[in-house]
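Heads up: the structure comes next, in C-alpha cells.
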Amino acid sequence: MYRFILLLVSLNLGTTLCASESSPENVIDSAKLYPSTPEPEPASQIIENTISHLESVAATAAKLAREGILPTDETQKHYDQMVETLAELIEMVKDQNNAYKFHKAKGIDRIIFHNMDIPYSRLRGPLLVLLKVLFEVVPTTTDAIIPISTIDKLLDIFENDDNLAMKAHALDILYIWLPENPKAQVRVMKLKGLEPFYHQVSKLDTSVISILLDLFNTILEEHIKVRNVDKQMTKADSDKIQLYRRIGLLERMSTPAVCNGLMKIFENTWSYVTDDNDVIGPVLDLVKNIKPYCMKVLRGQTKATELFQAILDYVQDGNKKEYLENLNVNITDMKTVLEDFIRELKYTVKDEF
Ligand SMILES: *[C@@H]1O[C@H](CO)[C@@H](O)[C@H](O)[C@H]1NC(C)=O
C-alpha cells in the first residue's frame, strides 16, 4: 500500500513538473517568431519510443538466442545495436522529469529487469548505469517501483560476473539502495548474508573495496543507532526496529563466520593500502565498528593481533599524520581503539592458559 501511494505521488509529481515545463509565454513567443515550426515531440513520447525500440531489438535478439539459429556473436550484434540508444536514454534520465517519465512508461520492467540477466558486458554495463542514474536522480520513486528481486540479480552479478566493472556497477547501486532501507536489507541477508561480500574482496580493486567497506560501515552504524533508540518510541519506530531485528545484522556480527570473514577482508585490504587509494579510511572505521562484536571470536588469534599491531604502527607513524588527518581520521581515538583491541586479544590468551 505504502509503495502504491508513493507511486501515485511520484507519478503525479511527474505530470505536474511536466506541465510546468512550457509556460504559456514561451509558447506564444515561439509561435510568433517561428510560425511554421512543428511542435517538438514531447519528451514522454520520445522516451516511450526509445523504450519500445529497445524492447523490440531485445526481443528479436532473445528469440535468436533461444532458437540458436545464429552463432552467439550474431545475437550479440543485436545487443550492440541497443548500446547507443541506451547511452541516449541514460543522458535523458539525468533530468528528473525524464526519469519520472521513464518510470511512468514502466521502463525498468520493460528494458532493465530481464535484460540485466544477459551476461554480455557491452549490454549489461549501460543497463546497470541506467539503473544507477535512476537511483541517483529519483531514489524514492525508483525504490518504490523496482521489483525487489532485482537485488537477487545484482548480487548474482556481483558474485559471478568476471568483469570487475560489472561488479562495481552492481555494488554502486546497492550502495544507494540499501542504506536506510531495511526491506531491501532483509532481502540481501535472507538471500546470501554477508558471505558474497568477503568472498569477492580478493577479486576487487581498491576503489571498489573502499565502497564495499564504506557501505558495510554505513549499514552497521545504522543498525547500532536504531537499536539504541530510547524506550519512548512511537508505533512507527517499533515497526522499524522490528524490521531491523529481522535482519539480525548485529547478532550475526558476533559470529565466527562474519568476524573471520571480516579478518579476511582486513588482511586482503591491508596489503593494498597505499597513500594513493585512501582505503585505510574505511578500514579504520570498520576496525572501530566491529570491536564490540568480534572481540570474543578473535581472541587468541595471533594473526589478528599481528594485523592490528601493524595497523597501529601505521596510525602512529609520524609520516602518516598529515595524510590521516586529511582523511578525517581521529588519530588519538584510533590509537586507543587499536591498543585496547590488541590488549584484550592478547590478554585472554594468557587468561585461558
Ligand atoms: C578524537 O577522539 C577523542 C577521543 O575519542 C576525542 O576526545 C576528541 O575530541 C576527538 N578529536 C577530534 C578532533 O574530533
Side-chain angles (χ1 to χ4, degrees), residues 175-176 178-180 194 197-198 206-207 209-233 237 241 244 247 249-255 258-351:
Y175 186 81
I176 309 174
L178 296 182
E180 301 292 332
L194 297 168
F197 297 104
Y198 32 75
T206 45
S207 67
I209 292 178
S210 278
I211 294 171
L212 179 62
L213 296 187
D214 203 16
L215 173 62
F216 197 75
N217 281 320
T218 306
I219 292 180
L220 194 53
E221 285 163 17
E222 181 185 320
H223 281 249
I224 294 168
K225 203 169 124 213
V226 170
R227 295 287 181 94
N228 289 340
V229 149
D230 75 52
K231 296 277 177 283
Q232 303 234 316
M233 52 188 168
D237 278 341
I241 292 176
Y244 278 95
I247 301 170
L249 181 65
L250 298 186
E251 286 72 15
R252 278 173 201 244
M253 279 309 298
S254 315
T255 62
V258 168
C259 292
N260 292 324
L262 289 170
M263 281 315 294
K264 220 177 204 88
I265 290 186
F266 286 138
E267 282 162 25
N268 261 302
T269 313
W270 184 244
S271 59
Y272 299 137
V273 165
T274 70
D275 287 3
D276 297 324
N277 58 35
D278 299 348
V279 75
I280 186 73
V283 166
L284 292 177
D285 283 341
L286 193 55
V287 169
K288 196 171 158 180
N289 281 331
I290 68 161
K291 186 168 160 262
Y293 303 99
C294 289
M295 185 73 80
K296 256 194 195 148
V297 172
L298 299 180
R299 260 181 192 155
Q301 290 190 13
T302 321
K303 244 178 152 184
T305 315
E306 285 169 0
L307 183 63
F308 289 134
Q309 184 62 52
I311 299 178
L312 177 62
D313 293 343
Y314 181 98
V315 170
Q316 284 177 315
D317 181 351
N319 292 325
K320 301 282 186 245
K321 187 162 180 281
E322 203 183 327
Y323 170 70
L324 288 173
E325 279 169 358
N326 283 335
L327 287 179
N328 280 325
V329 173
N330 182 333
I331 295 178
T332 321
D333 187 31
M334 222 35 244
K335 231 183 99 198
T336 314
V337 168
L338 283 159
E339 282 170 350
D340 245 34
F341 215 150
I342 294 166
R343 191 175 46 247
E344 289 192 47
L345 289 181
K346 281 184 184 163
Y347 178 74
T348 325
V349 182
K350 283 190 222 136
D351 210 34

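The figures that follow rest on heavy atoms only: side chains count, while hydrogens, waters and symmetry mates do not. One-based numbering, in listed order, for ligands and for the atoms of each.
Checked for salt-bridge contact, Asp340 and Arg343 meet the test: a charged N lies under 4.0 Å from a carboxylate O. Classification of Glu221 and Lys225 as a salt-bridged pair fails, no side-chain N sitting under 4.0 Å from a carboxylate O.
Contacts between Thr332 and ligand 1, counted as non-hydrogen atom pairs separated by less than 4.0 Å, are absent for every part of the residue.
By the definition of a contact as any protein heavy atom under 4.0 Å away, atom 13 (C) of ligand 1 is not in contact. Of the protein's heavy atoms, at least one falls inside 4.0 Å of atom 2 (O) of ligand 1.
Proximity of a side-chain donor or acceptor of Asn277 to a complementary backbone N or O of Tyr272 within less than 3.5 Å is detected.
The closest non-hydrogen atom to atom 6 (C) of ligand 1, taken over Val329, Asn330, Thr336, Asp333, comes from Asn330.
A distance of 12.0 Å separates CZ in Phe197 from CG in Leu262, rounded to the nearest 0.5 Å.
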